[in-house]
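Every chain is numbered from 1 and lettered A, B, ... according to where its sequence line falls, protein lines coming before strand lines.
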Amino acid sequence: MNGRAKLFWRLLVRPLGREPVRMGLTVLAVALGVAVVLAIDLAGTAATGSFRSSLETLTGNYNLEITATGGVPEEIVGRIATLPINLDLSPRMEDFAVVASTKQSVVLLGLDLIGESNILASKNADALPQPAAANDGMPQHFSSDDSLWAGSSLGWEKGQRISLIIGDREHTFTVRGIYNDQNQPAIVMDIAAAQRAVGRTTRVDRILLNLPERENIEARIKQISALVPPGIEIRAAGTSTEENRKMLNAFRWNLKLLSYIALIVGAFLIYNTISVSVVRRRAEIGIARALGASRTDVLLAFTGEAAVIGVVGAAIGIPLGRIMASGAVRLMGATVDALYVSSRPGPIELGAASSFTALAVGVSVAVVAAYAPAREAAQITPIEAMARGRREFLARVHSSRDLIVAIVLAAAAWAAAQVPAVGGKPLFGYFAALFAVSAGTLAIPAAISAVMKISATTLKRTGVAALLASRSLLGSLRRTSVLVGALATAIAMMTAVGIMVGSFRTTVIQWMEGEVPADFYLRPAGSPSVDRHPTISVELAEKLSMLPGVDAVDRLRAYQVSYDGVPTTVAAADLRESRRRGHSDFFSGRPSEEVLKELRTGDAVVVSEPFTYKHNLKQNDSITLRLGTSLATFRIADVYYDYGSERGFILMDRTAMKKYLPDDAPSNLAVYVKDGADRAEVRREIEQAATDYRVLIFSSADLRRQAIIIFDKTFAITYALEAVAVLVAVMGVAGALLALVIDRKRELGLLRFLGASAAQIRRMILAEAALLGLLANAAGLILGFALSLILVFVINKQSFGWTIRFHWPVAILAGAISLIFAATVLAGFYPARIAVQLNPIEVVHEE
Amino acid sequence: MVTFRNVIKDYSADGQTVRALNGVSLDVAPGEFVAFVGRSGCGKSTLLNLAGAMDFPTSGEVLLDGISTNSHDDGSLTKLRREKVGFVFQSFQLINTLSVVENVELPLLLAGNPDARRLAFDRLSSVELAGLEHRMPHQLSGGQMQRVAIARALVNHPKILLADEPTGNLDTTTGAVILGLLKRLASERKVATLMATHSMEAAAIADVVVELRDGSVAGIKRK
């Protein structure tokens, strides 16, 4: 080890071991920050990277796909097959089935098992049942309606009888074989059997094409397009996967940024730790400088100390992050499923790149946070550092200058909040948030000074412990400001997100009051997902409308489409009359009946707010949709608020839809009970009528309740991230209070000489913790309010397109703030114990 | 006022026992000014700590105003200290974040005295620091800081004043002034004063000079 390194080790690194608790807390704070960032990154990739899963792993390589809303007519398959082109062609059915016994949703694939067997055998030898399966003495099972082949991860056995719910019907199948599904479970049937099972006998869901590499793809697309009706779309295979991934970008991006909060709070703590190191080791710095160490050596020594903390923290954080990713992927997967698209999370892969990135992030944040105090240490002159009688190197706090900078940053935040989205991302919204947080933290020293001075008399009346506590905090203003800044940042994020979620929740609840006017709703059994639209049998709808207590049954049929590269839902409903009561739901403010009347003309639609935001559309603009085999153009009659999903929703009259998609089967039913009828009795009648169908019945209250449950689940991951940030901050408070106690040993010992009891010393430390908590809570609430405005009106709006009405979740915020305050005071107990155990004789006379 | 009865004090250091006091016996009357002299490590500060109920003798007895410190718990000793003892230190030991008057009133606040501010002001006048009440310690000279420390030590009307090298950080002239102040105040208020010093010149103002050598009383000179 060279001389400088030895000096560094002996003077600066080795002493770190003398304070294992404090250093441990700082390292743990970094570890948690790194872990959270890594967990969200890994979980995001896993939760959103699984679209290319069951549907594609069984396909082999195809480079084109042909789709149509409502399915591609079968005759198209024949037309394409007759083309004089060398191509592989694979029609398929793609749907979902629900295992009756376990309620598990499984992908259901219908393939032309006979036509594709050679192709599939050449591509994926162990993927599917071979023609040999047909030679197992049971060729007749290949296309029989009760035959299926199951993926190995389902855990079924050949010959087993399985009941599946498809749509609203339960069917029993025999497992004819098992194939290696590489942990992407699916059920495979012959395409004809699948068509019959899902009730789409004249259509296929997708046609996959494989053109040889040497072919001119664009030319072939043109050639094929000439053969098919305009409503049928030909595009590169895997486009829907990419569209889904793009759709999730905003969600992933926002979560990623939220995950960085814990790391930012950790950065505050690193700053504090290094500042304390600088103060404590001023004599060692002076000695080192007197012995020939340069300013750069000192700077590198302290940034090196921070780097050591960063490396150790990251080394703990990486495996911790991998563990946390398992929980995070579950939470994120639930959100993706509920709001975006059905998916099965892929495996969590912690590779070298992710690990290295996490390490780099941990070390970078630590080094950047340590730079300012390290630079200050480098400026210390040897004489100044070694002067006897100087009890503390007074780090100057430029609170007035910082306050001015804070005001400028606050103005910059306001300006940035006015800038629209860039490429669909609220980039300037993020800047606004960053400026706001910076402004808040820079204003803290001035705020603390002012508050302490104003409250001096009150504090003194509270008792000597509070007086001494406030003076102690004021006397180390920089350290206090950093601590308060760290905790306030965590509280601010918690407050902002709490207000945003609370506002969102209240907005959704109020919205739902008007959106579920029917008495009962029915949908097919199985896991709901925003992109899946299984249907109910037409006969059931007709049966229900004949029930004596039923006034009307409205049907809604939904399809997933792609509009301008973004997955969207287009739906048609019975709009015979407006059953809405109360206020208008439309942006224009017009009465519902007036708007619905326009829809009944057949050439108009209403669209959801997120849809207009994503595509920059407004009332009276035109949109062209692929419906069935047609391209249909509609005028946007109006825009309505919709919080059901971020995907975008287009609604038209059912009669208009049937011109293009005549399938009468509804996706769900809304049942209106006659005035004066007994609702409980009518429900029993509905249940009785639906005995042979696998449907779920909800009252409007049930639906609202379920919607809120889904809503709360989607934000579970957000709450988890905030909790980690607050935990990191509270740990920082504990560590910093411990440092304060150690640095004030002399003063604490002196107080004992002056007659302070152990209880008074303990109360003083706890009072400091309480004051820190109060200051941080106040600063965090104010900053959090400002951030919530940015979140609600800028980031959320630009990310997702929703209008959220501002509400204060007073009870929740009060509870959370109280909890944090209590945790902060609790964090003071260990430092208080240390303070009480100090030997006054040793600490006062050691000088 | 302060009685040491065959006091022995041992300390453990790295597994070895060090005898700091070896059977010291002494009586200090109210108002008496006693100086303990001797080289570094002779036990002067140890005697002061025992007299201030900050520590216990290993054997023997220490009585403050007739109360033995041996059989008391921390709470009782704290109360005893608060009511009867004042400390003055070599390095003043003021709290930098408190003003002059706040430093002086601190013992009264700790004792819950509601009249702390007025009494502190009075005490500062008695040490000739009226007008400087709201200054901060770093704005004072060494002599002024020691006056503040003396005012703080006497603000609760102690029966015993313990001064550990009170002039150690002061120049000769200022030190003499401080010693004169200590002597005057101790005499006026009948406070038994025990001062540790290595300076024979400082010890000269005392009524009794006790020479300590290796933890034992080597000699006592009375004026």
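For Arg375(A), the CZ atom is loosely surrounded, since the number of other residues' heavy atoms within 6.0 Å does not exceed 12. For Gln837(A), the CD atom is densely surrounded, since the number of other residues' heavy atoms within 6.0 Å is greater than 12. Sparse packing is recorded around CG of Asp214(B), with 12 or fewer heavy atoms of other residues, nucleotides or ligands lying under 6.0 Å away.
Contact between Gln760(A) and Leu110(B) at its shortest, heavy atoms only, is NE2-O, 2.8 Å. Across all non-hydrogen atoms, the minimal contact from Arg82(B) to Ser757(A) is NH2-N, 3.8 Å. When all heavy atoms of Ser99(B) and Arg471(A) are compared, the pair lying nearest together is N-NH1, 4.4 Å.
Looking only at side-chain heavy atoms (C-beta outward), Ile841(A) and Thr46(B) stay at 4.5 Å or farther from each other. In this structure the side chain of Asn49(B) reaches within 4.5 angstrom of the side chain of Phe753(A), judged on heavy atoms. Taking the side chain as every heavy atom from C-beta outward, Phe87(B) and Leu750(A) never approach each other to under 4.5 Å.
The CD1 atom of Ile95(B) sits 6.5 Å away from atom CG of Leu754(A), with the distance rounded to the nearest 0.5 Å. To the nearest 0.5 Å, atoms CG (Leu467(A)) and CG (Leu106(B)) are separated by 8.0 Å.
For chain A, no part of Leu80(B) is nearby; none of its heavy atoms comes within less than 4.5 Å. Proximity to chain A (any heavy atom under 4.5 Å) is shown, for Glu83(B), by neither the backbone nor the side chain. Proximity to chain A is limited to the side chain of Glu102(B), based on heavy atoms less than 4.5 angstrom apart. Residue contact with chain B, scored on non-hydrogen atoms closer than 4.5 Å, involves the backbone and the side chain of Leu751(A) alike.
Between the side chain of Arg81(B) and the backbone N or O of Arg752(A) there is at least one donor-acceptor pair closer than 3.5 Å.
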Self-check item: Test side-chain contact (heavy atoms from CB on, under 4.5 Å) applied to Leu109(B) and Leu468(A), step by step
Solution: CA-CA 10 Å; Leu109(B) 291 177; Leu468(A) 288 171; over 6 Å; no
